[in-house]
Amino acid sequence: MPLDLAAVQAALPGREIHWQASVPSTMHTAARLAAAGASSGTVAGADEQTGGMGRFGRPWHSAADAGLYFSVVLRMPFQPGELPMVTLALGLAAREAIIDSTGVVCDLRWPNDLLIADRKCAGILTQLENRAVIAGIGINVNQAEFPTDIAGIATSLRLAAGRPLSREQLLVRLLPAVDEWCALDRASILRVFGESSSYVRGRRVVVEIGQGELLNGTTAGLTLDGYLIVRDDRGKEHTIIAGGVRPA
Ligand code: BTN
């Protein structure tokens, strides 16, 4: 079923929400709204994306009416170097809203993955466009199955909960959580992310650090800017700025 936008708007009066049946990517819709002067907190969402985008140019599976696919225009005074902190804050917002509205508890994998038993159920994509942050959030809510290429690494909240879930309730809980977590100070974001993620400390990981090069090591915390520290097997510490992190 398409999202019941009237119910969401009734629960969030004053929130500007542009919801469409199908778009290539809500990242583009939100960027256009931002360029046209949309205020902070404006939401561009869709029941389906035909060209949903993940990190590193990967596609984001966006089957019609199954997940939540939306992007928020954020006009806080962010510098490009602060994007990692925004990504961490958005992950915490999504984790909190998922717990509150569904009871499902997710792990966080730096910087942008939400996991259930090491399978991905949600992802965050942040882009800086004309001084606004476009914060994309994709959550697998009611998918009962996935295409074969991601079936082994993806899951949904419905599969975890064992029952269909309300996308409306999740969105109503999540949008205020985005505002709250993004307004929080860095130290709090870093502390709570560290407490909520099994990947921040003491986790054996493999990190793609570019050009097919892999780093094997153990996670050793976050820098003050929100980057991941990985200690290799010789004890040397590496700051991971953008690499994909996988369990070793
Ligand atoms: C990732 O985990 O690689 C990031 C996934 C982000 C997906 C969301 S869905 C809404 C928004 N529109 C997109 O095209 N991507 C983001």
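Start at 1 and go down the list; that is how both ligands and their atoms are numbered.
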Tabulate distances under 3.5 Å between N/O atoms of ligand 1 and N/O atoms of the protein, writing both atom names on each line.
from, atom 1, to, atom 2, distance (Å)
ligand 1, 2 (O), Asn112, ND2, 3.2
ligand 1, 2 (O), Lys120, NZ, 2.5
ligand 1, 3 (O), Arg55, N, 2.7
ligand 1, 12 (N), Thr26, OG1, 3.0
ligand 1, 12 (N), Gln49, OE1, 2.8
ligand 1, 14 (O), Ser25, OG, 2.7
ligand 1, 14 (O), Gln49, OE1, 3.3
ligand 1, 14 (O), Met53, N, 2.7
ligand 1, 15 (N), Met53, O, 2.7

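You'll find the side chain of Leu228 stays beyond 4.5 Å of the side chain of Arg109, heavy atoms only.
Side-chain N or O atoms of Thr219 include one that pairs as donor or acceptor with a backbone N or O of Arg203 at under 3.5 Å.
Contact detail for Arg95 and Leu108: the closest heavy-atom pair is CD-CD1, 3.7 Å.
Ring geometry for Phe70 against Trp19 counts as tilted: the plane angle lies between 30° and 60°, on a 0 to 90° scale.
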Report task. With side chain to side chain contact (heavy atoms under 4.5 Å, CB included) as the test, would you mind laying out the steps for Thr102 and Gln169 before giving the verdict? Result -> CA-CA 9 Å; Thr102 72; Gln169 281 177 17; over 6 Å; no
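With no hydrogens or angles considered, no side-chain donor-acceptor pair links Trp60 and Gln49 at under 3.5 Å.
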